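Below is one structure; the comments refer to it alone.
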Amino acid sequence: MIEATAPSTEGLAVRRLALRLIRRMPAWATGALATLPAIVALGVALQPFRASVRYANLSLGYIVIVLVASVVWGLGAGLATSLVAAAWLWVFSLRPFSAGVSTPGELDILALVAFLLAAIVTGQLSAQLRVRTIEAERGRREADFLTELGATLLASRGAGVGPLETIRRIFAAQRAALDPPLATGEISPAEREPAADGPIPTVTAVVPGEPRRVLRLWGGMEKMAERGVLTDTVLRGTAQLLALELERERLERDAAEAESLRRSEEFRTALLSQVSHDLRTPLVSIRANAELLATDETDAASRGELANAISQQADRLNRMVGSMLSMSRIESGALRPDCDWQDPADLIASVVPAGGGLGAQHRIEPAIDPALPLVWCDFGLMRQLLGNLVENAVFYSPPGTTVRIEARHAEHAAIFSVADQGPGISADEQERIFERFYRGSTARQARPEGAGLGLSIVKAIADAHGATVQVESSIGEGTLFRIRLPQPELPAIPEEME
Amino acid sequence: MTDRRTTVLVADDEAPIRRALRGVLTQAGYDVVLAEDGSRAVDAVALRRPDAVLMDLMMPALDGFEATRRIRQWSAVPIIVLSVRGDERDKVDALDLGADDYLVKPFGTAELLARLRAALRHRPSDDESSVFRCGEIEVDYYRRIVTLRGEEARLTRTEYELLALLTRHAGRVLTHRMLLREVWGPEYVAETHYLRVFIAQLRRKLEDDPANPTYILTELGVGYRFRAPES
């Protein structure tokens with residue numbers, strides 16, 4: 001979490017102290033005190049007109065002062081001011097400064113009472129107006145702030161900043177935490193008690209939802225207080241926005257999980273339907289051949305053929321099980337190459353089909369660059385990669401054609417390629433052949449029983465080795481797959497005398 | 001060899017495989033003893049003294065690795081482990097524990113019988129002669145001389161050590177670890193590139209076509225094997 005810089009200017013502290021002193025005085029006293037000079041000044045100003053102007057008319061000037069006090073400092077101030085003004089008028093009507101002695105007339109007393117009542121009523125009305133204005137103003141500020149917060153939270157989605165951190169930044173708080181913390185490791189407030197040198201201002205808000213959490217914000221937030229938006233309404237609104245945001249994140253996570261589950265489920269279903277179909281074909285053939293073998297009518301020559309067919313179908317089953325196992329291993333993310341220095345000749349030899357069976361009707365031409373000493377790779381995986389390419393080449397190219405397997409040295413890389421003289425792959429299909437279960441149109445025709453897994457395994461193994469797979473092919477001219485396997489420097493081997 | 005027929009112990013938890021192996025082995029003239037898990041296999045080796053063991057690696061009670069390790073503590077009987085394709089590590093582990101050879105399931109009958117014959121032939125008591133001959137290669141362990149078609153092949157000290165080790169165990173798979181430990185020393189067991197380079201050098205000096213070796217055979221992902229003489 002990013003620490004907000006603490007406000008450290010001393011001027012700010014002095015100002016805060018003065019503000020606190022003024023705030024400690026009640027508003028009515030402030031109002032009365034502030035208007036007192038105005039009342040006295042008005043009395044002095046009216047002195048010359050006192051004889052000519054009627055007493056009741058004089059009081060109108062004071063009403064204006066009461067009005068101002070009510071609007072600026074509230075009802076209490078208005079009442080206090082009107083009392084002060086009435087008292088002043090009383091003193092005024094006694095004419096203590098005049099030479100002659102006079103007693104206030106009944107009419108004067110009546111006017112004074114009327115003034116007091118009028119002052120109270122006007123004061124109250126204007127004070128109410130003031131309260132409404134202030135409330136409206138605060139409401140507007142709060143609404144503005146929450147709108148801004150909502151917009152920022154929306155904008156920060158997917159930007160790698162969590163909603164809690166976004167809220168902390170907007171509040172300019174030093175720290176923000178949820179209690180109890182989120183599972184993803186938000187800091188628990190218990191670990192972060194305020195420092196010993198004074199309480200850090202803290203605000204809390206209850207975040208609705210399950211489980212109920214408390215949002216705590218520590219320190220900073222002066223700007224928020226100055227703007228007058230550090231209110232209960234704002235905190236409640238913030239907590240609600242946060243709850244919405246957390247809920248949305250949770251739903252998003254759930255959806256992603258469901259999606260990955262659905263995909264692996266989809267894969268399993270596809271694999272199962274493929275398995276049940278693909279495995280049954282050779283099984284049917286094995287069973288039929290075995291039953292034929294068991295009958296007495298079969299002559300010796302046919303027996304050999306039948307037994308041979310059974311062996312071949314068993315091999316085919318074995319290959320299928322092998323590629324399905326690899327695919328499920330790739331799917332579960334367990335494909336980690338266990339690399340070692342391997343002899344490229346061994347690798348190539350391991351994928352050249354043995355005499356008889358697969359590849360017997362093709363010319364298989366291995367070619368190994370003598371400049372390629374050893375290859376850093378996982379033997380089993382690389383054998384499978386090359387084996388799949390060779391198998392494909394043999395399956396899809398007509399008998400009598402050549403399949404060329406090549407291992408070549410390049411700068412910081414070993415390059416393996418398998419080229420056939422088969423029907424080729426069209427340009428738009430070349431992009432899709434590495435997809436799982438995808439089978440090109442020629443592939444489906446030439447070998448209906450294939451599962452469409454071979455090349456996706458090739459791609460997965462190449463990826464695991466950090467190797468690239470390239471395909472060069474055009475219709476009618478065959479296909480070439482090229483694997484570029486990055487190589488580390490071959491460690492030195494101690495020299496030896498003959 | 002005694003006057004009794006050669007006995008082979010088959011240890012596998014799958015009944016169909018035991019049945020199939022018994023059929024094949026009986027037809028080939030062997031006496032067959034069956035065991036359905038590792039601990040029974042260990043007992044059977046003690047009680048029935050078989051001449052060779054076919055040991056499945058994945059078995060309940062005691063797996064093939066542990067059974068191999070226990071048998072090796074007191075018996076030199078040849079053990080051929082049966083493993084599943086692609087699990088090179090399993091084969092290497094079993095060989096390092098003292099197994100003599102391995103077969104990958106599913107295997108052909110001919111291959112099984114050939115491996116069994118090789119294992120029976122190369123019991124330790126046979127490895128005492130001071131000269132090894134195979135095809136056109138002759139290794140004289142006493143004079144430390146290797147001849148190819150009657151002419152002396154000039155080998156470096158390390159090349160000779162490697163060849164001597166392989167030929168003394170001709171027909172048997174020696175893992176990379178075993179070869180590196182014996183020839184270079186225990187601290188070099190991870191330096192497989194030494195081995196690759198020296199094997200390539202040996203092949204250049206001894207094989208007619210180093211790319212298609214007929215003497216020094218690669219056991220893919222596992223180790224090397226020198227061709228058994230009479231095969």
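Each chain gets a letter, A, B and so on, in the order the sequences are listed, and its residues count up from 1. The structure displayed is predicted, hence computed values, not measured ones.
In this structure, the portion of B:Tyr224 lying under 4.5 Å from any heavy atom of chain A is its side chain and not its backbone. Contact annotation for A:Ile368: neither backbone nor side-chain heavy atoms come within less than 4.5 Å of a heavy atom of chain B.
At a cut-off of 3.5 Å, with distance as the only test, a side-chain donor of A:Ser302 or A:Asp299 sits close to an acceptor on the other residue. A:Thr402 and A:Arg363 share a donor-acceptor pair across their side chains, judged by distance under 3.5 Å alone.
Checking side-chain atoms of A:Arg484 against main-chain N and O of A:Ala467 turns up no donor-acceptor pair under 3.5 Å.
For chain B, the option among A:Asp343, A:Asp346, A:Val321 with the highest count of heavy-atom pairs below 4.5 Å is A:Asp346.
Residues satisfying the side-chain hydrogen bond (donor to acceptor under 3.5 Å, both in side chains) criterion with A:Gln487, sequence neighbours excluded, are absent altogether.
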